[in-house]
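Values in this document were obtained by computation on a predicted structure and should not be read as measured data. Just so you know, residue 1 is the first one in the sequence shown, and it goes up from there.
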Amino acid sequence: MELFTPDFGLIFWMFVAFILLFLVLAKWGWPVIIKMMDKRASTIDEGVENAREAREQLENARAEADKYMREAQARQQEMLREAAKMKTEIIEQARKEASVAAQREMDVAKVAIDQARKEAESQLRNEVGKFSIEIAEKMMRTQMKSDKAQTQLVNKLLDEIEKN
């Protein structure tokens with residue numbers, strides 16, 4: 001039972017050992033432990049400060065990215081408007097060129113049609129003239145079969161020549 005009921009000597013030596021341990025720890029142990037705890041606390045504080053700075057930089061970067069996105073969207077809209085305007089201008093120019101080309105083709109076609117009509121009229125006149133001559137020739141042959149008709153025709157023509 002001695003272990004459960006300590007003597008005065010045991011308590012004294014335990015107290016002396018505690019005081020020596022306390023003094024050694026107070027001289028060499030606690031300053032190192034406190035220094036390490038302070039260093040750890042300053043590291044944590046630096047980490048928190050760095051996190052705050054990083055959060056602020058992230059917010060600034062987001063704001064700047066949003067600004068650039070808005071600018072890019074505005075430029076994109078402007079480019080789309082310019083492209084639509086250019087498209088309209090190109091279409092109008094193509095329409096004008098097509099109408100000019102169509103008008104030229106129509107003018108060329110009109111000239112070709114006029115020339116073809118004139119050629120057809122000329123050819124028709126020539127054909128009518130040929131047919132008239134052939135008809136007149138056939139009529140003359142039938143009428144000039146007799147000598148009396150030939151003499152009358154010659155006299156008539158001579159009279160007309162004398163009058164002119």
Side-chain angles (χ1 to χ4, degrees), residues 25-164:
L25 285 177
K27 177 94 173 144
W28 291 289
W30 291 111
V32 172
I33 291 172
I34 291 190
K35 186 170 122 180
M36 293 302 281
M37 286 178 56
D38 287 342
K39 185 177 178 182
R40 171 81 182 184
S42 67
T43 304
I44 290 172
D45 289 341
E46 286 177 13
V48 169
E49 186 61 33
N50 288 339
R52 282 185 195 142
E53 289 176 7
R55 183 179 302 132
E56 288 175 7
Q57 288 177 353
L58 179 62
E59 289 173 1
N60 290 340
R62 282 185 183 158
E64 193 171 330
D66 288 341
K67 180 179 123 183
Y68 288 137
M69 287 296 292
R70 285 190 299 273
E71 288 176 5
Q73 287 173 348
R75 276 192 237 132
Q76 178 186 18
Q77 291 297 323
E78 182 63 28
M79 291 172 89
L80 288 174
R81 274 188 240 116
E82 287 179 17
K85 183 179 176 183
M86 287 176 62
K87 179 184 92 171
T88 305
E89 289 174 359
I90 289 171
I91 289 172
E92 283 300 316
Q93 184 179 4
R95 282 183 185 159
K96 288 177 183 176
E97 289 175 1
S99 67
V100 167
Q103 187 63 40
R104 272 192 233 127
E105 290 294 322
M106 288 177 61
D107 291 343
V108 168
K110 283 181 183 178
V111 168
I113 290 170
D114 285 344
Q115 287 177 348
R117 183 180 51 82
K118 288 178 182 176
E119 288 177 14
E121 286 176 358
S122 174
Q123 189 176 9
L124 180 64
R125 285 183 184 149
N126 289 339
E127 293 291 323
V128 168
K130 282 183 186 178
F131 289 140
S132 297
I133 291 173
E134 287 178 9
I135 291 171
E137 184 181 336
K138 287 180 183 178
M139 284 179 55
M140 290 294 282
R141 282 189 187 154
T142 57
Q143 287 181 357
M144 296 299 189
K145 284 187 178 177
S146 70
D147 286 336
K148 183 179 177 187
Q150 287 178 6
T151 311
Q152 282 179 352
L153 180 63
V154 170
N155 288 334
K156 183 178 174 188
L157 288 174
L158 287 173
D159 287 342
E160 286 179 12
I161 290 175
E162 286 177 3
K163 286 181 184 175
N164 289 332

### Task
Report the distance from atom CD of Glu119 to atom CG of Asn126, rounding to the nearest 0.5 Å.
11.5 Å

### Residues, nucleotides or ligands: over 12 heavy atoms within 6.0 Å of Arg81 CZ
yes

### Message
Given 3.5 Å as the limit, does a donor-acceptor pair link the side chain of Ser122 with the main chain of Lys118, or not?
### Response
no

### Task
Begin with the C-alpha distance, continue with both residues' side-chain angles, and end with the deciding distance and a verdict on side-chain hydrogen bond (donor to acceptor under 3.5 Å, both in side chains) for Gln103 and Asp107.
CA-CA 6 Å; Gln103 187 63 40; Asp107 291 343; 3.2 Å; yes

#### Entry: Rounded distance (nearest 0.5 Å) linking atom CD of Glu121 with atom CG of Asp114
9.5 Å

### Task
Would you check, one step at a time, whether the test side-chain contact (heavy atoms from CB on, under 4.5 Å) holds for Glu89 with Gln93?
CA-CA 6 Å; Glu89 289 174 359; Gln93 184 179 4; over 6 Å; no

### Task
Salt-bridge test for Arg62 and Glu59: reply yes if a basic N is under 4.0 Å from a carboxylate O, no otherwise.
no

### Task
Identify the heavy atoms of Pro31 and Ala26 that sit nearest to each other, and give their distance.
CD-O, 3.4 Å

### Summary
Separation between NZ (Lys67) and CG (Asn60), nearest 0.5 Å, reads 11.5 Å

### Query
Any luck finding a side-chain donor-acceptor pair between Glu46 and Asn50 under 3.5 Å?
no

### Message
Could you check whether Glu92 pairs with Lys96 (Lys NZ or Arg NE/NH1/NH2 to Asp/Glu carboxylate O, under 4.0 Å)?
### Response
no

### Message
Applying side-chain contact (heavy atoms from CB on, under 4.5 Å) to Glu78 and Glu82, what does each step give before you reach the verdict?
### Response
CA-CA 6 Å; Glu78 182 63 28; Glu82 287 179 17; 3.4 Å; yes

### Task
Among Glu162, Lys163, Lys156, find the one that has a side-chain contact (heavy atoms from CB on, under 4.5 Å) with Glu160.
Lys156

### Leu124 CG to Arg117 CZ distance, which is reported to the nearest 0.5 Å
12.5 Å

